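Before any comments, here is the structure.
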Amino acid sequence: MGILIAFASQVQVPRSQQQMKKTVVNYLAVAVIFFVNGCTLPTQVLVENLSRWKVHIFTQVQCYLLTSSISYGIVSICATDRYFMDPALLIGIIILGCLPTAISFNTIMTRKANGNGALTIAQSTIGNLLGPFLTTALVKLYTGTGVWYTDILPGTEGFTETYRYVFKQLGLSVFVPLLAGQIIVSVFPRLVKIVFIEWKMNKLSSFALLIVIWSTYDGAFESDAFSSVQSDNMVFVVFILVALFLVWIAIAILVSWLWLSREDTIAVAYLVPTKTPAMGVPITTIMFAGLSEAAQSRVQLPMVIYQGVQTTLSSLLTIPLRKWKAIESSRRRLVQAETSELNDLSQDTGLPTRPANNRSVSTIA
């Protein structure tokens, strides 16, 4: 990722071809990620996780209401001094907190941390279906307060174009590839196992994710978004975004661990703090159509920087989360071994079977 960001800072796709680049990457690279997931994810597991409505409500409340309220609170504190922060950056932080969870990114991170990948796909899909409605409503709510930093915003346009754009992208880059992968794995299960497991072709999803990240930074450098912001504002924004990610993921882990398994907790931990710029960019260009190009670049800058922040911190957290999950797995295997020994003993002696540790067995079940 560092190499790609450095490359994007030196060589960018020409401005006349930026739209074509974004279209190709947003559709083709994301489609590759979900085609691989469709080929490697058991259909029954995916269907079971889609039906867990309590977890869906629990997660989406955090993804939208928790993150947006915290980001708005931080912006309100920063806005007490109107000469300190660029107003476009403050609006960008608000929009970031209102965005739905990332789809391709947290799917890969959850599977690397041995979390519930099926739950992540189900939650990501639901969250991005709600995004056009909830994100636009929350952005309108938080930017319609009449505070000084919203003076740069023009009147908001209708949301029809936003809905059309997002649902078209979801259909072609998520649903169709995922369904195609499920069909192929059901028809050619042995061939799919050879290609994606033995030949390690499932690594294609990681390469596709790197292309998505490169595309985001390429567009930011091409529009001179970084050079148009004061250095002290840039440092402060990075500090805020790192703090927001850590606070969001800490809350997600703590409240999830109270009633979910560690596998599900890992999934929720990646779902809540990760945000997709794929919806943030069209929202700023469609809702605020009269905003100048320079101001739009600064509004989008927190989303671009956060892409690097969430990628770096999420990748580092896969290691402790994977070890945390392994502790539960080893404990489960130990209880199963004890239960098996008791079963064998009861068969030899003719005594009724009775678990050695009822609390452990029930907890795991």
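Basis for what follows: all heavy atoms, side chains included, without hydrogens, waters or symmetry-related copies. This one's a predicted model, so the numbers in the text were calculated from it and none came from an experiment.
Between Phe226 atom CZ and Ser231 atom OG the span is 14.5 Å, to the nearest 0.5 Å. To the nearest 0.5 Å, atoms CG (Asp264) and CG (Leu271) are separated by 10.5 Å. A distance of 11.0 Å separates CD1 of Ile327 from NZ of Lys325, quoted to the nearest 0.5 Å. Within the model, atoms CZ of Phe245 and OG1 of Thr312 stand 9.5 Å from one another, a figure rounded to the nearest 0.5 Å. One finds the CG atom of Leu313 at 10.5 Å from the CG atom of Leu241 (value rounded to the nearest 0.5 Å). Remark: Ile5 CD1 to Asp218 CG distance equals 11.5 Å, nearest 0.5 Å.
Side chains of Thr311 and Ile213 form a contact here, defined as non-hydrogen atoms less than 4.5 Å apart. Between Phe175 and Phe34, the closest side-chain pair of non-hydrogen atoms is not below 4.5 Å. Looking only at side-chain heavy atoms (C-beta outward), Ile74 and Ile240 come within less than 4.5 Å of each other. Proximity of Leu178 to Phe35: side-chain heavy atoms (C-beta onward) are nowhere separated by under 4.5 Å. Side-chain contact between Thr276 and Asn128 is present, with at least one heavy-atom pair separated by less than 4.5 Å. The shortest side-chain heavy-atom distance between Val299 and Ile95 falls under the 4.5 Å cut-off. When side chains are defined from C-beta on, Val237 counts as touching Met85, because their heavy atoms get closer than 4.5 Å. Between Val75 and Tyr149, some side-chain heavy-atom pair lies under the 4.5 Å cut-off.
Leu316 is not connected to Leu244 by any chain of hydrophobic side-chain contacts under 4.5 Å among Ile, Leu, Val, Met, Phe, Trp and Tyr, and they are in different clusters. If you chain together hydrophobic residues whose side chains sit under 4.5 Å apart, Ile121 and Ile184 never meet in one group. Put simply, Ile194 and Val187 are part of the same group of oily side chains (I, L, V, M, F, W, Y) that touch within less than 4.5 Å, one to the next. Residues Met20 and Leu28 share a single hydrophobic cluster, defined by chaining ILVMFWY side chains whose heavy atoms lie under 4.5 Å apart. A continuous path of Ile, Leu, Val, Met, Phe, Trp and Tyr side chains, each step under 4.5 Å between heavy atoms, connects Ile94 with Phe133, placing both in one hydrophobic cluster.
Thr135 places a side-chain N or O within 3.5 Å of a backbone atom of Cys98 that can act as its donor or acceptor partner. Between the side chain of His56 and the backbone N or O of Ile126, no donor-acceptor pair lies under 3.5 Å. Checking side-chain atoms of Gln123 against main-chain N and O of Val55 turns up a donor-acceptor pair under 3.5 Å. Under the 3.5 Å distance criterion, the side-chain polar atoms of Arg262 are matched with a main-chain donor or acceptor of Trp324. Between the Ser256 side chain and the Ile253 main chain, no donor and acceptor come within less than 3.5 Å of each other. Checked by atom type and distance alone, the side chain of Asn233 pairs as donor or acceptor with a backbone atom of Phe84 at under 3.5 Å. Here the side chain of Tyr64 pairs a donor or acceptor atom with the backbone of Gly127 at under 3.5 angstrom. In this structure, the side chain of Tyr217 engages the main chain of Val304 through a donor-acceptor pair within 3.5 Å. Between the side chain of Trp148 and the main chain of Ala79, a donor-acceptor pair closer than 3.5 Å is present. With hydrogens and angles ignored, the 3.5 Å screen pairs no side-chain donor or acceptor of Gln307 with any backbone N or O of Met303.
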**Message:** Test side-chain contact (heavy atoms from CB on, under 4.5 Å) on Thr23 and Gln19; report intermediate values, then the result.
**Reply:** CA-CA 6 Å; Thr23 302; Gln19 186 59 45; 3.6 Å; yes
For Leu90 and Asp86, run side-chain contact (heavy atoms from CB on, under 4.5 Å): C-alpha distance rounded to whole Å, both residues' side-chain angles, the deciding distance at 0.1 Å, then the answer. CA-CA 7 Å; Leu90 297 177; Asp86 188 311; over 6 Å; no
Notebook entry, point to check: Yes or no on side chain to side chain donor-acceptor pair (under 3.5 Å) for Lys275 and Thr67, after CA distance, side-chain angles and deciding distance?
Noted result: CA-CA 10 Å; Lys275 299 295 182 178; Thr67 59; 3.0 Å; yes
Output, in order, the C-alpha distance, side-chain angles, deciding distance and verdict of side-chain contact (heavy atoms from CB on, under 4.5 Å) for Leu260 and Phe58. CA-CA 11 Å; Leu260 294 177; Phe58 171 75; 4.2 Å; yes
Query - Step-by-step side-chain contact (heavy atoms from CB on, under 4.5 Å) determination, Leu254 to Leu258 - result: CA-CA 7 Å; Leu254 290 175; Leu258 296 175; over 6 Å; no
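A side-chain N or O of Thr110 and one of Thr120 form a donor-acceptor pair less than 3.5 Å apart. In the model, Thr101 has a side-chain atom that pairs as donor or acceptor with a side-chain atom of Asn106 under 3.5 Å. Counted by atom type alone, Ser314 and Tyr270 present zero donor-acceptor pairs between their side chains at under 3.5 Å. Between the side chains of Gln182 and Thr43, at least one donor N or O lies within less than 3.5 Å of an accepting N or O. Between the side chains of Thr40 and Arg111, at least one donor-acceptor pair of N or O atoms lies under 3.5 Å.
When all heavy atoms of Thr274 and Gln310 are compared, the pair lying nearest together is CA-OE1, 3.1 Å. Taking both residues in full, the closest heavy atoms of Ile108 and Ser205 are given as CD1-O, 3.3 Å, listed atom of the first, atom of the second, then distance. Between Ala29 and Ala208, the closest heavy-atom pair is O-CB, 3.5 Å. The shortest non-hydrogen separation linking Ala6 to Ser9 is O-OG, 2.5 Å. Between Gln18 and Gly219, the shortest heavy-atom contact is OE1-CA, 3.6 Å. The shortest non-hydrogen separation linking Thr150 to Thr143 is CG2-O, 3.5 Å.
Of the listed residues (Val192, Leu191, Ile197), just one forms a side chain to side chain contact (heavy atoms under 4.5 Å, CB included) with Val195, and that residue is Leu191.
A cation-pi arrangement is found for Lys21 relative to Trp214, the charged atom lying closer than 6.0 Å to the ring centre and inside a 45° cone about the ring normal. Judged by a 6.0 Å distance limit and a 45° cone about the ring axis, Lys193 is not positioned over the six-membered ring of Trp199.
More than 12 heavy atoms of other shown residues, nucleotides or ligands fall within 6.0 angstrom of atom CE in Met234.
One finds a salt bridge joining Glu222 and Arg15 here, because a Lys/Arg side-chain nitrogen approaches an Asp/Glu carboxylate oxygen to under 4.0 Å.
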